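Take a look at the structure below.
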There are 2 protein chains.
Amino acid sequence: MRKSKKERQERLQLTIQENPFVTDEELAQEFNVSVQTIRLDRMELSIPELRERIKYVAEKNMQDEVRSLPIEEVIGDIIDIELDSSAISLFDVKKEHVFTRNGIARGHHLFAQANSLAVAVINDEMALTGKAEIKFTQPVKEGSRVIAKAKVTGSEKGWTTVVVSSFVGSDLVFRGEFTMFRAPSSEKGEKHEARN
Amino acid sequence: MRKSKKERQERLQLTIQENPFVTDEELAQEFNVSVQTIRLDRMELSIPELRERIKYVAEKNMQDEVRSLPIEEVIGDIIDIELDSSAISLFDVKKEHVFTRNGIARGHHLFAQANSLAVAVINDEMALTGKAEIKFTQPVKEGSRVIAKAKVTGSEKGWTTVVVSSFVGSDLVFRGEFTMFRAPSSEKGEKHEARN
DNA sequence: CTGATTTTTAGTACCTAGTCCTAATATCGG
DNA sequence: CCGATATTAGGACTAGGTACTAAAAATCAG
């Protein structure tokens with residue numbers, strides 16, 4: 001016994017969603033109706049034809065492959081800096097910085113802003129990050145403006161500690177304690193000795 | 001002047017590789033030859049027709065979709081993953097990832113690779129980084145291939161700890177312990193949805 | 001039950017992006 | 001110039017459709 005049009009269309013939608021590679025012919029057999037009926041159903045539900053569906057899936061895949069994280073020189077705009085003391089930078093969270101699924105900023109962008117600010121605040125361009133202890137205290141949504149404040153809290157024999165606190169409005173969203181190594185300009189990266 | 005058959009075929013291969021969505025018609029115009037010539041070329045190079053190419057790309061995508069995260073969200077290429085257990089990704093350090101001064105990779109790229117691997121390994125709709133304790137044990141130079149290995153070390157209601165160790169060859173260059181907040185999808189089930 | 005309406009089916013012409021095949025030219029090396 | 005290779009042209013056929021017309025079948029209202 002063939003079910004009602006409504007039920008068929010619901011199941012049709014699910015079937016195609018699950019397997020976009022199915023042809024009208026196959027669907028007609030599955031639902032025991034004519035191919036034309038399947039086509040009318042697709043039209044009513046505005047489900048595109050097989051080739052369009054496949055193309056859509058493929059295109060989505062291609063976009064993914066073009067992904068090449070374009071991280072700029074400095075993440076965020078430095079709006080204030082006092083070398084070896086403190087710095088403030090600003091970072092606007094845009095579409096490309098968030099998870100498509102929930103619109104929340106990916107952690108590494110907040111980290112990148114903080115980390116590059118920690119590098120910048122050090123009065124020696126050869127600063128490398130040695131350790132970091134970080135905390136994401138609140139999710140940051142698309143469209144937010146993140147203000148990172150870096151403060152140099154300690155310094156000894158080549159190592160400097162920088163604490164970066166990032167805010168959206170008055171809310172703390174990120175906090176990180178970075179131990180920065182003031183690297184010598186030697187080419188060798190293997191042995192790192194404190195020199196200045 | 002039209003180039004030789006050999007050169008045309010080489011360029012044809014590259015063109016299709018770059019953009020599998022191109023038709024024979026378009027290729028014929030681009031190379032200033034007839035459609036038939038393009039088809040002979042494709043046959044000689046055993047390049048399938050447009051629809052087969054698109055289908056192949058789409059199918060690849062469907063396989064990937066089983067993962068908890070779209071592949072685009074991951075920095076580096078995931079070469080192995082066992083959800084809620086372990087994952088391995090690969091990241092090639094290029095010019096754009098290093099400090100121009102010394103050719104050493106900026107920390108946030110290593111962090112990004114590790115962090116996104118930690119997100120990917122979690123088998124939930126949503127995974128956010130809560131805390132992280134990280135260590136950069138050795139500088140990474142341009143041209144290095146960084147292999148990040150993530151291991152889920154603990155899990156309790158809503159929180160999962162993931163340890164990521166990154167290597168260049170046999171040298172540990174980065175280590176991070178991430179505390180990830182996880183949120184299961186509203187609709188429980190093994191079936192993944194194909195968005196149409 | 002009848003008549004109207006909805007739903008389903010059938011069939012036609014046309015489309016794209018091809019395949020496979022034959023046959024006629026064009027171009028090049030020796 | 002000849003012969004081989006390369007290119008082009010054309011016809012017949014394919015899948016998986018669209019767009020349209022028309023008719024048959026099922027369903028609903030009174």
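Given the structure is predicted, the values throughout are model-derived calculations rather than measurements. Letters A, B, ... mirror the listed sequences (proteins, then strands); counts begin at 1.
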Rounded to whole Å, how long is the line connecting atom [atom1] of [X] with atom [atom2] of [N]?
X       : N      : atom1 : atom2 : answer
A:Asp41 : D:dT18 : CG    : P     : 12 Å
B:Leu40 : C:dT25 : CG    : C1'   : 14 Å
A:Gln36 : D:dT21 : CD    : C1'   : 12 Å
A:Ile47 : D:dT18 : CD1   : C1'   : 16 Å
B:Glu44 : C:dT19 : CD    : P     : 13 Å
B:Arg42 : D:dA6  : CZ    : P     : 18 Å
B:Ile54 : D:dG16 : CD1   : P     : 14 Å
B:Leu50 : D:dG16 : CG    : P     : 15 Å

Handout entry: N/O (side chain, A:Arg39) to phosphate O (OP1/OP2, C:dT8) under 4.0 Å
Key =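 No, A:Arg39 has no side-chain N/O under 4.0 Å of OP1/OP2 on C:dT8.
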Any idea which of [options] is nearest the [X] side chain?
X       : options                : value
A:Asp24 : D:dT18, C:dT8, C:dG18  : D:dT18
B:Val33 : C:dT8, D:dT8, D:dG16   : D:dT8
A:Arg8  : D:dG10, C:dT7, C:dT9   : C:dT7
A:Ser34 : D:dT8, D:dG17, C:dT9   : C:dT9
B:Met43 : C:dA10, C:dC20, D:dT18 : C:dC20

Handout entry: Set of side-chain contact (heavy atoms from CB on, under 4.5 Å) partners for B:Glu44, sequence neighbours left out
Key =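 Here the qualifying residues are B:Lys5, B:Gln9.
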Handout entry: Partners meeting side-chain contact (heavy atoms from CB on, under 4.5 Å) with A:Ser85 (sequence neighbours left out)
Key =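 So A:Ser85 forms a side-chain contact (heavy atoms from CB on, under 4.5 Å) with A:Glu82.
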Problem - Touch class at under 4.0 angstrom, heavy-atom based, for B:Arg53 against every strand present - result: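 Since no nucleic acid heavy atom lies under 4.0 Å of B:Arg53, the category is nothing.
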Exercise for the section: Have a look at B:Glu49 and say if it touches a base, only the backbone sugar-phosphate, or nothing, with a 4.0 Å heavy-atom cut-off. Expected result: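 The answer is sugar-phosphate, as B:Glu49 gets under 4.0 Å only of primed atoms, P, OP1 or OP2.
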Hey, what are the protein-to-nucleotides 3-5 of chain C N/O distances that come in under 3.5 Å?
none

Exercise for the section: Could you give me the CA-CA distance, side-chain angles and deciding distance for A:Arg53 and A:Val22, then say whether side chain to side chain contact (heavy atoms under 4.5 Å, CB included) is met? Expected result: CA-CA 10 Å; A:Arg53 294 195 302 263; A:Val22 69; 4.2 Å; yes
Practice task
Going 5' to 3' through nucleotides 24-29 of chain D, assign each nucleotide B (protein heavy atom under 4.0 Å from a base atom), S (under 4.0 Å only from sugar-phosphate atoms) or - (no protein heavy atom that close).
Solution key: ------
Practice task
Please work out which of the three classes, parallel, tilted or perpendicular, describes the rings of A:Trp159 and A:Phe181, given edges at 30° and 60°.
Solution key: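 A:Phe181 vs A:Trp159 ring planes: tilted.
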Problem - side-chain hydrogen bond (donor to acceptor under 3.5 Å, both in side chains) against B:Thr129, all qualifying residues, sequence neighbours excluded - result: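 Once residues adjacent in sequence are excluded, the partners of B:Thr129 under the side-chain hydrogen bond (donor to acceptor under 3.5 Å, both in side chains) criterion are B:Asn115.
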Heteroatom pairs (N/O) under 3.5 angstrom, protein to nucleotides 13-15 of chain D:
| residue | atom | partner | partner atom | Å |
| --- | --- | --- | --- | --- |
| D:dA15 | N3 | A:Arg51 | NH2 | 3.1 |

Practice task
With sequence neighbours excluded, tell me which residues meet ring pair (Phe, Tyr, Trp, His ring centres under 6.0 Å) with B:Phe111.
Solution key: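 Expected list: A:Phe111, B:Phe178.
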Problem - Qualifying residues under salt bridge (charged side-chain N to carboxylate O under 4.0 Å, His left out), relative to A:Asp24, sequence neighbours excluded - result: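 With sequence neighbours excluded, A:Asp24 shows a salt bridge (charged side-chain N to carboxylate O under 4.0 Å, His left out) to A:Arg39, A:Arg42, given in chain and number order.
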Problem - Under 4.5 Å side-chain linkage, directly or through intermediates, the cluster mates of A:Phe167 - result: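 Members other than A:Phe167 - counting any ILVMFWY side chain reachable under 4.5 Å - are A:Leu172.
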Practice task
Report the hydrophobic cluster partners of B:Met43, with the cluster defined as I, L, V, M, F, W, Y residues connected by side-chain heavy atoms closer than 4.5 angstrom, directly or transitively.
Solution key: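 Members besides B:Met43: none; it forms no cluster.
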Problem - Of all pairs that satisfy salt bridge (charged side-chain N to carboxylate O under 4.0 Å, His left out), the ones with a partner from residues 169-179 of chain A, not counting sequence neighbours - result: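 Checked against salt bridge (charged side-chain N to carboxylate O under 4.0 Å, His left out) - neighbours excluded - no pair reaches residues 169-179 of chain A.
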Which atom pairs, one a donor and one an acceptor, fall under 3.5 Å between side chains of residues 147-158 of chain B and the rest of the protein, sequence neighbours left out?
| residue | atom | partner | partner atom | Å |
| --- | --- | --- | --- | --- |
| B:Thr153 | OG1 | B:Thr161 | O | 3.3 |
| B:Ser155 | OG | B:Thr160 | OG1 | 3.0 |

Practice task
Could you tell me whether the side chain of B:Gln138 and the main chain of B:Val168 form a donor-acceptor pair under 3.5 Å?
Solution key: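 Between the backbone of B:Val168 and the side chain of B:Gln138 there is no qualifying donor-acceptor contact (under 3.5 Å).
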